[in-house]
Amino acid sequence: MLVVYPFALLLGFLLYWAGARWAYLRRPPVVPGDAALLDWHFFVPCRDEEAVVGTTVARLRADFPAAAVWVIDDDSEDRTGAVVAALAADDPRVHLVRRRRPDARTGKGAALNAAYDRLGALLPEGTDRSGVVVCVVDADGQLDPRALELVSGPAAFGDPDVGGVQIGVRMRNAADRRPFPERGRLVNAAARVLVRVQDMEFAVSNAGMQLLRNRTGSTGLGGNGQFTRLSALDRIGEAERRPWRRGALLEDYELGLHMLLAGYRTTHVADTWVSQEALPSARRLLTQRTRWAQGNLQCVRYAPRIVSSRHIPGRGVLETLYTFVQPLAHLVTLALTVLVLGALAVGAVRGQGPDGAAALLDQWPLMLVLAVVSIAPFVLWGPVYRRDHAPDASFARSLLWGLALWLYAYHLFVVSARAFARMLRGRNGWAKTRRNAEPVTAGPVALES
């Protein structure tokens with residue numbers, strides 16, 4: 001069984017990668033729709049976002065003048081509320097939703113539910129709620145001005161069966177030459193690579209995965225650039241008590257699961273995007289991704305409902321279960337690696353090291369093949385990313401970016417282990433990662449509730 005496991009894991013990865021790459025390269029063009037037929041509302045959850053929220057709200061109002069912006073101040077300790085209140089005083093389509101402890105700081109889902117309640121109370125009686133669309137935008141998010149037209153198209157909200165649409169995510173600081181202006185060349189070189197691979201991760205790798213999910217009927221929703229039909233949120237709220245689950249670390253992905261379980265379709269539109277800042281700090285990145293990994297582990301409890309659902313096709317069930325099992329697979333792989341290395345170390349101490357090393361060397365052709373098929377899928381994303389997002393880069397540089405993406409993927413083993421340890425310790429707080437625009441003196445890497 002232990003011999004079969006790594007081959008099975010590699011085979012699953014290769015099949016998933018091949019499907020995602022094919023879906024990305026063969027995606028059909030998106031047909032736009034008439035955004036004026038829908039009523040648009042942006043939800044911007046904020047906790048200590050003074051550094052970025054004013055710019056975000058101003059841009060949303062300038063680019064989408066017919067839409068309303070709802071900023072949820074989750075008991076910020078800086079001037080977030082004051083900044084938004086000043087904007088709201090001059091613009092009736094900007095709304096401030098204030099939350100205070102002990103009700104506040106209980107997770108992003110609870111903050112979004114508060115805005116959902118306020119929106120419902122404000123809408124006139126008799127409003128056709130299927131024509132109202134809510135879009136969640138991060139406090140530092142910048143939305144493509146074409147976004148509303150493209151998510152209004154016949155493959156998205158032009159289809160009444162579609163309850164949720166996720167758009168692409170890009171990192172707007174991908175070309176930043178000095179992520180840390182006050183630091184030296186080596187630190188900035190490492191930070192540039194880290195920022196670039198995050199852009200690759202979202203722009204091509206994750207986009208391909210989502211486009212594959214479009215075909216399997218299991219498209220996930222994300223926390224930034226997430227569009228949902230208000231009537232779909234109503235139905236989920238009736239079944240689950242609230243649209244967004246309180247205390248969930250992946251409230252966005254869980255909402256997508258609830259959409260599917262309620263019989264709605266979800267889809268991904270890759271031809272439009274929302275931009276955010278990539279994290280140049282490995283420490284802040286690990287904090288963020290540990291939260292995501294723990295949220296993924298929390299989603300495993302949905303497996304019985306997914307398997308028994310009459311709304312999700314078999315291929316969607318398989319894709320969702322594959323997604324659920326990833327952090328667990330990382331944990332098992334990490335444990336097996338420690339056991340193998342431990343066994344080799346014990347053998348070396350007992351004088352059995354040379355024979356063991358010789359046995360491994362005898363298998364070098366197999367090990368070489370495994371290395372190539374493990375690394376090549378990441379490297380091959382490099383030229384695709386260059387074609388679509390960095391045409392000025394050389395082909396050789398795109399291959400190096402792909403190699404960096406492979407090395408970057410190993411962070412998944414670290415964050416899966418950290419997430420599992422947090423669950424064992426009963427820690428479930430929502431850690432807010434510090435923005436790049438925030439000075440270091442503003443606080444620690446993350447403030448956890």
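If you read the sequence from its start, that first residue is 1, and numbering goes on from there.
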Exercise for review: Begin with the C-alpha distance, continue with both residues' side-chain angles, and end with the deciding distance and a verdict on side-chain contact (heavy atoms from CB on, under 4.5 Å) for Phe413 and Thr333.
Suggested key: CA-CA 8 Å; Phe413 295 94; Thr333 303; 3.7 Å; yes
Short side-chain donor-acceptor distance under 3.5 Å, [Y] and [X]:
| X | Y | value |
| --- | --- | --- |
| Asp252 | Gln226 | no |
| Gln294 | Arg291 | no |
| Thr80 | Asp73 | no |
| Ser275 | Arg172 | yes |

Review point. Would Tyr302 and His258 count as a close aromatic pair, with their ring centres under 6.0 Å?
Key: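 Centroid distance Tyr302-His258: below 6.0 Å, so yes.
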With sequence neighbours excluded, what pairs up with [X] under the ring-ring contact (aromatic ring centres under 6.0 Å, His included) test?
| X | value |
| --- | --- |
| Tyr322 | Tyr16 |
| Phe420 | none |
| Phe395 | none |

Exercise for review: Return each pair, listed once, that meets side chain to side chain donor-acceptor pair (under 3.5 Å) where at least one residue sits in residues 22-38; pairs must be two or more places apart or across chains.
Suggested key: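 Output for this query lists Tyr24-Asp388.
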Exercise for review: Please test Ile167 against Leu143 for side-chain contact (heavy atoms from CB on, under 4.5 Å), starting from the C-alpha separation and ending with a verdict.
Suggested key: CA-CA 10 Å; Ile167 64 174; Leu143 205 61; 3.5 Å; yes
Practice item. Determine, stepwise, if the pair Thr323 / Arg213 fulfils side-chain contact (heavy atoms from CB on, under 4.5 Å). Key: CA-CA 11 Å; Thr323 299; Arg213 289 171 172 173; 3.2 Å; yes
State, to 0.1 Å, how close [X] and [Y] come at their nearest heavy-atom pair, and which atoms those are.
| X | Y | answer |
| --- | --- | --- |
| Glu319 | Ser218 | OE1-OG, 2.7 Å |
| Pro243 | Leu233 | CG-O, 3.7 Å |
| Val169 | Asn224 | CG2-O, 4.0 Å |
| Ser152 | Trp40 | OG-CZ2, 3.2 Å |

Point to revise | salt bridge (charged side-chain N to carboxylate O under 4.0 Å, His left out) pairs, two or more places apart, involving residues 152-165 | key: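 The answer is Asp159-Arg265.
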Nearest 0.5 angstrom please: [X] [atom1] to [Y] [atom2], how far?
| X | Y | atom1 | atom2 | answer |
| --- | --- | --- | --- | --- |
| Asp144 | Trp273 | CG | CH2 | 4.5 Å |
| Leu211 | Thr216 | CG | OG1 | 10.5 Å |
| Asn113 | Phe43 | CG | CZ | 9.5 Å |
| Asp39 | Leu230 | CG | CG | 9.0 Å |
| Tyr116 | Trp244 | OH | CH2 | 8.5 Å |

Between the side chains of [Y] and [X], is the shortest nitrogen-to-carboxylate-oxygen separation below 4.0 Å, so that they form an ion pair?
| X | Y | answer |
| --- | --- | --- |
| Arg301 | Glu254 | yes |
| Arg245 | Glu240 | no |
| Asp75 | Arg100 | yes |

Review point. So Arg21 and Val384, side-chain contact (heavy atoms from CB on, under 4.5 Å) or not? Walk me through it.
Key: CA-CA 9 Å; Arg21 183 179 175 85; Val384 176; 3.5 Å; yes
Using atom types as modelled, flag every donor-acceptor pair under 3.5 Å from a side chain in residues 190-204 to any protein atom, sequence neighbours excluded.
from: Arg192; atom 1: NH1; to: Arg177; atom 2: O; distance (Å): 2.8
from: Arg196; atom 1: NH1; to: Tyr385; atom 2: OH; distance (Å): 2.9
from: Arg196; atom 1: NH2; to: Ala174; atom 2: O; distance (Å): 3.1
from: Gln198; atom 1: OE1; to: Leu279; atom 2: N; distance (Å): 3.1
from: Gln198; atom 1: NE2; to: Leu194; atom 2: O; distance (Å): 3.1
from: Gln198; atom 1: NE2; to: Leu279; atom 2: O; distance (Å): 2.6
from: Asp199; atom 1: OD1; to: Met171; atom 2: N; distance (Å): 2.9
from: Asp199; atom 1: OD2; to: Tyr385; atom 2: OH; distance (Å): 2.5
from: Glu201; atom 1: OE1; to: Arg289; atom 2: NH1; distance (Å): 3.3
from: Glu201; atom 1: OE1; to: Arg289; atom 2: NH2; distance (Å): 3.1
from: Glu201; atom 1: OE1; to: Tyr408; atom 2: OH; distance (Å): 2.7
from: Glu201; atom 1: OE2; to: Arg289; atom 2: NH1; distance (Å): 3.0

Review point. Which class fits the ring pair Trp70 and His95: parallel under 30°, tilted 30 to 60°, perpendicular over 60°?
Key: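 Rings of Trp70 and His95: parallel, as their planes differ by under 30°.
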